[in-house]
Asker: 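I'd like to ask you about the structure that follows.
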Amino acid sequence: MFFWILIMALSCLNLNPREWIRGLKQMPKQWLISQVLRYGIGLVLSFIIIYIFLVDRSLTGFLNTFGFIIAINLIVSGFFQATKGLSTATKKKKVQKLKKANIPMAQAGIGIALFIGLIIMNVVYPLTITQDLANLGEIEVSTDSIDSVTEESVRSVPHSYARYKSEIVFGNIENYSFYELGESAIQRIDGELFWVSPIEYSSVWRWIRADSAPGYVMVSAENPNAEAVLVDDYEMTYVPSAFLGDNLERHIRSVYGDVILIDYSFEPDDEGNPYYAYSYAYYDHYRSAPKADGVILVDPVSGEMEKYDLGEQPEFIDNAIHYSLALDYAYWFGTYSNGLLNSIFAKEGVHQPTSEEEMIGVIGPDGNMYWMIDHMRPNQESNAMVGFTMVNAQTGEATYYAGTSGMTNARGARDAVNRSFQREQWEGTQPVLYSIYDNYTWVVPVVDQSGLMREIAMVHAETSSVATGTSREEAFHHYRQMLANDLGTDDYIPTNLLEELEMEGTVYRVSQASNARYIQVLLDGESRVLEFDITGNAAAVFIQPGDEIEATVNDTGESVLPVLEFENVTIDDEFGEIEEFELEDETEEESSEETEAETSEE
C-alpha cells in the first residue's frame, strides 16, 4: 500500500520533460525545491486516496482518481508556463516565445482532453450501457408462484424491536461506554433466524483505550419473547470501526488491493464464532456495472482471510451478495429493460422497487437466504404491486415474479395494518412477503409508539384482509381460520385447507379460547384439537366433556383443525335435533300486532 502511495505521488510533479531540462539548466536549485514541494503535495493526496479512501489499486481505480490529478496538473502547468514565458519576453522575442508557448499550450490541451474524457466516462458513458445494466443481474422472469414456507421460516421480529432488545443487554458489557452496536443483520445460526449486531468502537479515543471489541448480540427473529443473548467472550481486533491497520477494510486492502469491495455482513458460524463476510465485485464497463464476484471471509480475532468465488463460500455465510448490489440489480432490471429513452418518456413496462434504501432478507422455501423487494409502477404512490424480485444472497440467482400484478404491496399492507390498530395508535413495520398456504401473504410486525412489539399481522395480498395474533403461532392460527372461513369464496382457500376429514369421538376437554369467537375441543384418543367457530356453529357453546360428537374438519396437517360442521349425538339422542328458527323483523311484528288489533275492533 505504501509503495503505491510513493509511486502515485509522482502524478503531481511537472510532467513535461522539456521543462525538466530547462529548469535543471537555468536554475537547478529552485527547480528541485519546487518539485520536492509538489511531490509533498502528491504524497498528501496519494495518502488520502489510497490509505484513507482505500481506492482499489486497479488500473481503472487509479485512472479514475489520479487521472483527474494528472489532468489538472497538465492544465495548470501548461497555462502557467505559457503565460510566464510570454510575460517575461521582450518585444523582439515575442514571436519566438509565442512559437515556444505552443508546447505548454499543447500540454494544457492534453490535460483538458483527459479531464473531459474522464467526465464523459463517469457521467455520459453509464447512460449508454443501460441495457447492459438491466441484464447485469441475470434476472429471470417467472409467472409461477413461489413455494409456500413453513411457520418456522417466517421472521416475525422487526429490526427496530431487535435493536431495542439488543440495547437492553448492551449495558452488561464491561466498559460499555467504549462501544456501540454495529449494523444489525438477519442471519441463520444453527437453523434458527437471528438478528445479529456486532459490537463496535464508539470513537477513535475508545479504540485507543480498548484492546479489542468483545463480541456481538443475538436476538431471535422468530420469537418476540426470547431474551437477547450477549456473546462477549471474543477479542475482535479487525472491525469496521477500528483505525489504522486494525480497520477491517484496510486490513483486507493490505492483501487484496485490486478487488472492488462492495460492503460487509457480520456472520457468526453455527458454533457462534464471529466472521465478517465482505462482498466483492468486478466492473463490466469501466467503473460502471459492478458484477458480484465473491466474498472475502475475515476472522476478526486472528485477522486471517480467505477469498471465495460466489457460490463457493462456506455454507454458514448467508449474505455473499450485499443487499445494496441486489437492490441495484432489481432497479436496473425494472427501469432499463426496454432502454433508456423508454424509461424517460413512454415508460412501457417500467417498474421500480418500492424502496430505494433496503431489501428485506428472508428465508426462502429452499432454506436459503434471499433478498426480496416488491415493485410498483414508476413515480406512483400506489398501494398495488406489479411483481417482486428475489435474489439468492448466497449464489446470486435472481427471479422476478410477475404473477402478482394488482396485489397489495408493502405500503398497502402497512396501511391495512395501521387501520386495524388505529385506536391503539400502533403501526406496522417492515412488511415481508411470503407464500403461506399457497396465498401471497405480507407478514407485518406491529409496534407501539415506543417501538415495542405488540402483535404480528398477516395481510392477505389479494384482498388486504388482516389476521393478527400476539405470537407467530396465534397469527398463523387466525390467518388459517380467515382463509378457511372468512373470505367467502373458495378462490382464496388453498387446496391443503379444503381436504375434509370426518372425525368422531367422546369429548375429553373443552377450552374457551382467548378469542371468544372460537371454542377448542379435545377428543379421547386424539392428539389434534378441534376448533369451532361459534359464528357458524352456534350449538358448539353447549358441548361438554363426555358428549359424543361427529365433525367434518379441514385437515390442514397442523395441530388445530377448523370444524366445518358437526353433530352433537348426545344432545340429539336426549332432546332431539335443535330446530332452526328465525326471529321476525320488528317491522313484521308491528304489522302483525296492528292487524290483530283491527280484527278485534271489528
Side-chain angles (χ1 to χ4, degrees), residues 54 159 162 166 170 173 179-201 207 210-221 228-243 245-256 259-281 292-326 361 363 367-371 392-396:
L54 294 171
H159 177 269
S166 297
F170 185 78
I173 301 173
Y179 308 104
E180 63 184 9
L181 281 177
E183 182 179 350
S184 301
I186 199 85
Q187 302 286 332
R188 286 179 312 168
I189 300 179
D190 197 21
E192 187 176 351
L193 282 176
F194 287 93
W195 286 101
V196 182
S197 308
I199 298 170
E200 302 277 357
Y201 298 110
W207 169 72
D211 294 328
S212 60
Y216 56 95
V217 178
M218 298 169 52
V219 177
S220 174
V229 178
L230 173 63
V231 183
D232 60 351
D233 51 352
Y234 292 96
E235 296 181 355
M236 302 195 306
T237 301
Y238 302 96
V239 296
S241 57
F243 294 84
D246 290 351
N247 176 266
L248 176 66
E249 187 174 348
R250 188 166 293 114
H251 181 63
I252 294 174
R253 278 273 177 250
S254 66
V255 177
Y256 303 105
V259 299
I260 312 301
L261 296 178
I262 302 300
D263 215 330
Y264 65 86
S265 174
F266 183 76
E267 308 218 15
D269 63 16
D270 290 342
E271 286 72 43
N273 300 309
Y275 290 94
Y276 279 97
Y278 221 118
S279 176
Y280 68 88
D293 202 16
V295 65
I296 297 172
L297 192 62
V298 184
D299 184 334
V301 177
S302 66
E304 295 180 0
M305 290 179 281
E306 190 78 30
K307 185 179 177 183
Y308 297 93
D309 292 336
L310 187 63
E312 301 297 326
Q313 68 274 358
E315 189 176 350
F316 73 86
I317 298 179
D318 291 315
N319 300 324
I321 294 180
H322 196 260
Y323 77 85
S324 61
L325 197 55
I363 298 297
N368 291 327
M369 181 72 75
Y370 285 84
W371 296 118
N392 189 312
Q394 295 166 301
T395 66

Asker: When rounded to the nearest 0.5 angstrom, what distance separates CD in E180 from CD1 in I199?
Answerer: 11.0 Å
Asker: Answer yes if the side chains of N273 and Y234 hold a donor-acceptor pair under 3.5 Å, and no otherwise.
Answerer: yes
Asker: Could you tell me whether the side chain of V255 reaches within less than 4.5 Å of the side chain of I296, counting heavy atoms only?
Answerer: no
Asker: Quick check against the 3.5 Å criterion: does E192 have a side-chain atom that pairs as donor or acceptor with the backbone of S220?
Answerer: no
Asker: Looking only at heavy atoms, which two atoms of A277 and I317 are closest? And how far apart?
Answerer: CB-CG2, 4.0 Å
Asker: Verify side chain to side chain contact (heavy atoms under 4.5 Å, CB included) between Y278 and M305, making sure each step is shown before the conclusion.
Answerer: CA-CA 10 Å; Y278 221 118; M305 290 179 281; over 6 Å; no
Asker: Over all heavy atoms of both residues, which pair between D318 and E267 is shortest? Give the atoms and the distance, please.
Answerer: N-OE1, 2.6 Å
Asker: Could you tell me which non-hydrogen atom of I173 sits nearest to which non-hydrogen atom of P214, and how far apart they are?
Answerer: CG2-CG, 3.9 Å
Asker: Please report the interatomic distance NE2(H251) to OH(Y276), rounded to the nearest 0.5 Å.
Answerer: 12.5 Å
Asker: Give the intermediate values and the outcome of side chain to side chain contact (heavy atoms under 4.5 Å, CB included) for residues S212 and Y201.
Answerer: CA-CA 9 Å; S212 60; Y201 298 110; 4.3 Å; yes
Asker: How far apart are the closest heavy atoms of W207 and D246, and which atoms are they?
Answerer: NE1-OD2, 3.6 Å
Asker: Step by step, would you call H159 with W195 a side chain to side chain contact (heavy atoms under 4.5 Å, CB included)?
Answerer: CA-CA 8 Å; H159 177 269; W195 286 101; 3.8 Å; yes
Asker: Rounded to the nearest 0.5 Å, what separates atom CG in L261 from atom CZ in R253?
Answerer: 4.0 Å
Asker: Is the shortest side-chain heavy-atom distance between Y308 and P314 below 4.5 Å?
Answerer: yes
Asker: Examine distances only and state if a side-chain atom of D309 and a backbone atom of E312 form a donor-acceptor pair shorter than 3.5 Å.
Answerer: no
Asker: Quick one: pull up OH in Y216 and OG in S197 and give me the separation to the nearest 0.5 Å.
Answerer: 11.5 Å
Asker: Report yes if the side chains of P198 and V239 come closer than 4.5 Å at any heavy-atom pair, otherwise no.
Answerer: no
Asker: Compare all side-chain heavy atoms of L297 with those of Q313 and state whether any distance is below 4.5 angstrom.
Answerer: no
Asker: Give a yes or no on whether the backbone of D211 and the side-chain of E235 come within a donor-acceptor separation of less than 3.5 Å.
Answerer: no
Asker: Could you tell me whether the side chain of Q394 and the main chain of A320 form a donor-acceptor pair under 3.5 Å?
Answerer: no
Asker: How close do Y179 and A213 get, counting heavy atoms only, and between which atoms?
Answerer: CE2-CA, 3.9 Å
Asker: Per the side chain to side chain contact (heavy atoms under 4.5 Å, CB included) rule, which among I252, L310, D293, D263 passes with Y280?
Answerer: D293
Asker: Any chance you could measure I189, atom CD1, to E271, atom CD, to the nearest 0.5 Å?
Answerer: 10.5 Å
Asker: S279 and I321: which non-hydrogen atoms are nearest, and at how many Å?
Answerer: OG-CA, 4.0 Å
Asker: Counting N and O atoms only, with roles assigned by atom type, does the side chain of Q187 sit under 3.5 Å from a partner on the main chain of F266, one being a donor and the other an acceptor?
Answerer: yes
Asker: Quick check for you: to the nearest 0.5 Å, what is the distance between L248 atom CG and T237 atom OG1?
Answerer: 11.5 Å
Asker: Do the side chain of N247 and the main chain of P240 share a donor and acceptor less than 3.5 angstrom apart?
Answerer: yes
Asker: Walk me through it: do R188 and D270 pass the test side chain to side chain contact (heavy atoms under 4.5 Å, CB included)?
Answerer: CA-CA 8 Å; R188 286 179 312 168; D270 290 342; over 6 Å; no
